[in-house]
Amino acid sequence: MRAEPSILHVDLDAMFAAVEQRDKVSLRGKPVIVGGVAGRGVVATASYEARAFGARSAMPMAQARRRCPPGTAYLSPRFAAYKRTSEVVMALLAEVTPLVEQVSIDEAYLDLAAAGHDLSPRGVTEIAMRLKREIAAATGGITGSVGVASSKLLAKIGSELRKPDGLTVVPAGGELAVLHPLPVGRLGGVGPATEQRLHRSGVRTVGQLAEVPLEDLVDWFGTAHGGGLFRLARADDDRPVVGEREAKSVSAEETFEVDLTDPVRLNRELDLLSARVAGRLRSGGITGRTVNIKVRHHDFTTVTRAITRDQPTDDPRLVAQLARRLLTEIDTSGGIRLLGVGVSTLADFAQDDLFSSFPEGFWSAVPAGPAEDEELDHPFMREEVSIAASDGEPGGPPHPATNPGGLLAPPATALAGRPTPPAGDSGAQLVPAAPDLAGRPASGAVDSDAEHVPAAPDLAGPPVPEALDPGERLVPAVGQVEAFPAWRPGQDVRHEEYGAGWVWGSGLGRVTVRFEGPRTPPGPVRTFAADDPLLSPADPPDWRE
DNA sequence: TCTGGGGTCCTAGGACCC
DNA sequence: TCTGGGGTCCTAGGACCC
């Protein structure tokens, strides 16, 4: 934990779905689910509209289909498009500080201390707000949520607090006030198993976790995990922002549409997986000594086998040969659901051995699957879009594009009152595909398509809210902003009364908060303001209407 | 129609070595 | 002959993350 909030965490909001909605006008404001659309697929990302119906990441696609209404779009991922958007964002991050740790395609930590920034709460708020504007402008409206705090733990929690399009700054000294009320499952490293074990001992919040003696945690979870929980519960987190990390393993796996039993077929699948892995080793200029296979049986039990050689390799034939040998140790007669091949114990130099040459035409003979950069509009990447006839009906979810609030209107789902499912769904007719999907070119982060809306809402001239004093400097906040812990929707009595709120003001000096009443019947809009709410974490600001 | 695919890290036990 | 004791490498499995 540092003395200043110098670690910034950015997380793009429902990125896969957001890219699809950016690139296809017809999807905006509608539930969109990206993931494996076939039988055994799961949800990778659900748009906020889809989350309102209960769709979640990692949920079986079949279950998501049961929950979401007609009109929901179910899309196969277009990784190339997401990667391009990601690269645009990462390039922006690199301009903020040289020390950036990319965690995944849509997430990164920034060490603001590595760039000599003003690390006061006000200073980092300014950086974060500018960054959010730049991201939205450069990506055509993809929003990111940002948390800034004195540690990775708190920065990440901060970015999650006000999703989507949120901003949370946790001033030094405010960490425990943020952390302790949260459920333990919000801590990184606390998954279902750990959470269940903690619940069994009556530990539900991080504050309660902080009361558990170290010995108990070590007893329950082992030295590393137990000790880690003990420290995290105290906001004791020194993990540095790490720029580059070397890969430790490379693997490929596949779940089959139906369980496989045919040994010949299984071996062929191992060959294909081996070729994919070896191809990626080669393109990365690395080799590995250990070959692993993974087998998931029909009943979902999973076993692994590994063998380590003295010499590293990147030869697909050798990897395949070892993989096949490992598979003979496993009884596959009951049916195999998933097969995987991996290489680990990596060395970053290529071993010059006799096996590294390839027969002519080897690679063209091996269908290694789509290359990373290839657009995935292959016939097998099915795309299903259905449009409900209830589009635009009254009572449906508010459509951002038609919201008269313009810039200041938060995404519909940001409102505490969940968007109601469109009325009259039951009789809705399904249109097999959206007309605008026909024959469109491969789309990228910057898209010349006529339907493409090039940028975020015009940030240059935001409408000035009536509640702001004349002459007050207005920084055009993108969507929601939260100054924590000075003000928290959900804790504030005015929030209880009004159900939804967001900060739209400058964030620097005077901040204005707007609350909207219950949606049905439409309630009044009330506006409050306070001076420097961000800078007085211990002293609640005086919000005046 | 339950449960993807790419990873990382940790633990525990056995082999082996000095 | 009641069994040392580190350290490293390897394997299998499990939890977790995005």
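Side chains included, hydrogens not; waters and symmetry mates left out as well; all remaining heavy atoms used. Quick note on labels: first sequence line is chain A, next is B, and so on, each numbered from 1.
Residue A:Asn292 is out of contact with every strand shown, counting any heavy-atom pair closer than 4.0 Å. Using a 4.0 Å heavy-atom cutoff across all strands shown, A:Arg289 reaches sugar-phosphate atoms only and no base atom. Looking at heavy-atom distances under 4.0 Å, A:Gln63 makes no contact with the nucleic acid at all. When heavy atoms are screened at a 4.0 angstrom cut-off, A:Ile105 is found touching no nucleic acid atom at all. Here A:Thr345 lies out of heavy-atom contact (under 4.0 Å) with every strand.
Distance A:Arg296 CZ to B:dG4 P: 6 Å, rounded to the nearest Å.
Taking the O4'-C1'-N9-C4 or O4'-C1'-N1-C2 dihedral as appropriate, B:dC2 has a value within 90° of 0 and is therefore syn.
Side-chain contact annotation: A:Glu175 with A:Ser151, donor-acceptor N/O pair under 3.5 Å absent.
Figure legend: cation-pi geometry between A:Arg84 and A:Tyr82 absent, as NZ or CZ is not positioned both under 6.0 Å from the six-membered ring centre and within 45° of its axis. The cationic atom of A:Arg51 (NZ for Lys, CZ for Arg) does not lie both less than 6.0 Å from the six-membered ring centre of A:Phe53 and within 45° of the ring axis.
Residue A:Glu254 has its side chain nearest to B:dG5 when only B:dG4, B:dG5, C:dC18 are considered.
Not counting sequence neighbours, the partners of A:Glu101 by the salt bridge (Lys or Arg N to Asp or Glu O under 4.0 Å) test are A:Lys152, A:Arg245.
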So what does the secondary structure string of DNA chain C come out as, 5' to 3', with Watson-Crick or wobble pairs under 3.5 angstrom, [ ] for crossing and | for pairs with another strand?
....||||||||||||||
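Look at the C1' atom in both B:dT3 and C:dC16: the space between them is 16 Å, to the nearest Å. Separation of the P atoms belonging to B:dT1 and C:dC17 is 31 Å when rounded to the nearest angstrom.
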